[in-house]
Structures are given as C-alpha cells and as structure tokens.
Amino acid sequence: MRHTREEGIQKLKKELNAVILVHSYQRGEVQDIGDYVGDSLGLCIEASKTDAEVIVFCGVHFMAESAKLINPGKTVIIPDYNAGCPMADMASGDELRKLKAEHPEALVVCYVNSTAEVKAESDICCTSSNAIQVVESLPEDKEIIFVPDKYLGGYTAHQTGREMILWQGYCPTHQKILPEDIRKRREEYPDGVVLVHPECSAPVIQEADQVGSTGFIVNFCTESDKKIFIIGTEHGIIHRLKKLNPDKAFIPVTERALCPNMKLTTLSSVLRSMERLETKVEIAPEVAERAYKPVERMLALSGQGVNRK
Ligand code: 13P
Ligand code: SF4
C-alpha cells in the first residue's frame, strides 16, 4: 500500500521516536505535521523538554543548532541543510573577538539568530521575545555588545534605556517591510491592528500598534477581540494565525516579506530526511560547550531548568 507523505512521516516518527519541531515561518503543509509550532524561544524550550530520541527541526540552521546545543546526545536533523539565516551569517566568531578586544569589559548579548561560534563568544543569548528581559537582567554599570541584529538591538536599547554597541547585521526579509506599506494598509483597513516583528527597522516599528516575536503576535491576535490584523513579519505566520483564528482577517503588510530559507523545507524533504536520518547537525564539542552556556543562562531566566541530554 502506498503511503501519503504525511502518513510516511507519521510512521517514521513512531519508528524513530522522533519529535517534529516547526517554526511558524515554515510552509503551511510543514506546520501541519509539527508536534510543536512556535517561535525561537518556544522551540528552544520544547527542545529542552523533549524525551524523543530524534529531533526533526523544520526551521533554519541556527534553530536546529540551538536544539543540538541543548541536546548534545540526541540526533538532531534538519531536512534541508541549505536553510541558513543570512543575518546569523553576518557575524563571525573572529569578528566578534576583535570587537570584544576593543571593549574588554563589555558583556555580549547574542540574538539566538547567530552561529554556535558567535554564541561561544557571548555571555547570554536572547530571542526576540525575551531580549528586553535579558538586557534588564545585566548589571547597569556594564557596557553591552548586542550581536548581530542592529534593529532588534536598537529596539531593545530604546525600550530598556541602555546604551549598547550594536553589530550591524539585519534580516533581509524584514528589511523589505517599509513604513509606507503600513500607511497604505491602514488606509485600506482603518480598523486593522498593526503588529510587527522587532527585526523590522525603527521607522516601521514607529508605525506599528504592537511589536513582538512571532509567539507574541500569535498570542495577541488570538486573545484580542478585534477582527482585522495587519501583520508585519514573514508571510508563513499567516497560515498559523488563520488556522487558530478562522473568524478573523490577517493581512500581510507586504507580500514581499518571504524568507527563502524558511521555505526550503517541504513535506518531501522532511520525509526524505527522516528516511535517511539526514542531515545531522554536528557542532565541534569545544565550541558546543561554550556556546551552550549563554543559551542555558537565557533559559534559566525564563524559569526553564534544563536537563541537558
Ligand atoms: P521569532 O523568535 O519571533 O520566532 O523570530 C525568529 C526569526 O527568525 C525572525 O526572523
Ligand atoms: Fe533569518 Fe530573517 Fe529568515 Fe528569520 S526571517 S530566518 S532572521 S533571514
């Protein structure tokens, strides 16, 4: 009997004792086979709680790498190894070491959208949902380097009143969202609530009603009694929003905000990767030990004790 791809994935999931973790920018068909769909922080927390032996990570490379840092003894596979994050690739360990040498007293906060090498040079990690809390947890007399997202860093500096040395990285997908796109949508939908991700530029953030991570956007829209939402982040989230809120309307600020890397994963690549147990995420042990520390500190701030497996 021929199985559909979904049936094949479910069968392998049992055989492998696997869990499928999915970021909310993934294609709708991939979100629909996920055991957990969420934002970067939620995915890290799920990875830290799972008893599964194999983690199938449908997202981009740094997310799967974070799951591996938390679970060095488990098999973590990423269905398409080319699914990287251009913003994470805008900072290298070498460059960060140079900047640290110029500011020897500074603490380094790394956005989770970073390579393991960069995490290994950092003091504490953050995601877009806890950046403010992470920065507020640091001693007031300390200089802070924030790497690699200049927009999330700038927004966090503004919200916390802390001066920070900002790495000049950015997300090419969120960069495509423009303030004039929001103004146009407000004219079309005067009752619409505008929500944007903090990876957007400062002028875009200024136009918004709410700013937050993908998890925040999903929770806000689901709990709100408003009916129309104008969404300023990657397009894949619209699938999740509509699925959870079939009676509400979700309008993207712009159709241009598509992350090509997030779209590389398909049902076929998930099935193939589970059949072949490919591609395994591997991190050199000496890098992994140092890179795990900032992630552990971040999870501890979220009240999340980790039983590293
Ligand atoms: P979230 O932490 O909001 O899921 O964002 C991850 C990301 O890559 C945004 O571009
Ligand atoms: Fe990276 Fe931007 Fe894609 Fe998120 S949306 S994975 S930050 S390129």
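Ligands are counted one by one from 1 in listed order, and the atoms in each one are counted from 1 as well. Residue numbers count from 1 along this sequence.
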| Which ligand 1 atoms does Ser213 reach within 4.0 Å, using its non-hydrogen atoms? | 3 (O)
| field | For Asp35, the option from Val22, Ile20, Ile55 that meets side chain to side chain contact (heavy atoms under 4.5 Å, CB included) | value | Ile20
| message | Evaluate Thr214 for polar contact with ligand 1, using N/O atom pairs at a separation under 3.5 Å. | response | yes
| task | Identify, by atom number and element, the atoms of ligand 1 in contact range of Ser128, meaning under 4.0 Å from any of its heavy atoms. | result | 1 (P), 2 (O), 3 (O)
| Using 4.0 Å as the upper bound for N to carboxylate O, is an ion pair formed by Lys184 and Asp181? | no
| note | In this structure, atom 5 (O) of ligand 1 is nearest to the protein heavy atom His197 NE2, 3.3 Å
| Is any side-chain N of the basic residue among Lys263 and Glu234 closer than 4.0 Å to the acidic one's carboxylate O? | yes
| said: Ring-plane angle category for Phe250 and Phe229, please: parallel below 30°, perpendicular beyond 60°, tilted otherwise. | reply: parallel
| request: Enumerate the protein N/O/S atoms at a distance below 2.8 Å from atom 2 (Fe) of ligand 2, ignoring waters. | output: Cys171 SG
| query | Has Ser129 got any heavy atom lying under 4.0 angstrom from an atom of ligand 1? | reply | no
| task | Would you mind checking which non-hydrogen protein atom is closest to atom 4 (O) of ligand 1, with the distance to 0.1 Å? | result | His23 NE2, 2.6 Å
| field | Numbered atoms and elements of ligand 2 in range of Val60, under 4.0 angstrom, heavy atoms | value | 6 (S)
| said: Centroid separation under 6.0 Å, is that true for the rings of His197 and Phe216? | reply: no
| field | Residue Tyr25 vicinity, atoms of ligand 1 by number, heavy atom under 4.0 Å | value | 7 (C), 9 (C), 10 (O)
| task | Would you give the length of the straight line joining atom CD of Glu6 to atom CD of Glu29, rounded to the nearest 0.5 angstrom? | result | 8.0 Å
| task | Hey, could you give me the CG/CD1 distance between Leu16 and Ile77, rounded to the nearest 0.5 Å? | result | 7.0 Å
| said: Please determine whether a side-chain nitrogen of the Lys or Arg among Arg240 and Asp39 lies less than 4.0 Å from a carboxylate oxygen of the Asp or Glu. | reply: no
| Does the Ser66 side chain pair with the main chain of Phe62, one donor and one acceptor, at a distance under 3.5 Å? | yes
| task | Would you mind finding which of Cys200, Gly42, Cys171, Ser40 brings a heavy atom closest to atom 2 (O) of ligand 1? | result | Ser40
| field | Under 4.0 Å to a heavy atom of Asp39 - the qualifying atoms of ligand 1, by number | value | 1 (P), 4 (O)
| request: Identify the heavy atoms of Leu43 and Gly38 that sit nearest to each other, and give their distance. | output: CD1-O, 3.6 Å
| message | Applying a heavy-atom cut-off of 4.0 Å, say which part of Asn113 lies close to ligand 1: side chain, backbone, both or neither. | response | side chain
| Taking atom 7 (C) of ligand 1 as the reference point, the nearest protein heavy atom with its distance | Glu199 OE2, 3.5 Å
| query | Below 4.0 angstrom, N of the basic side chain to O of the carboxylate: do Arg162 and Glu140 qualify? | reply | no
| Does ligand 1 have any atom that is closer than 4.0 Å to a heavy atom of Met262? | no
| task | Identify the residue among Tyr170, Tyr155, Tyr151, Tyr111 that makes a side-chain hydrogen bond (donor to acceptor under 3.5 Å, both in side chains) with Glu199. | result | Tyr111
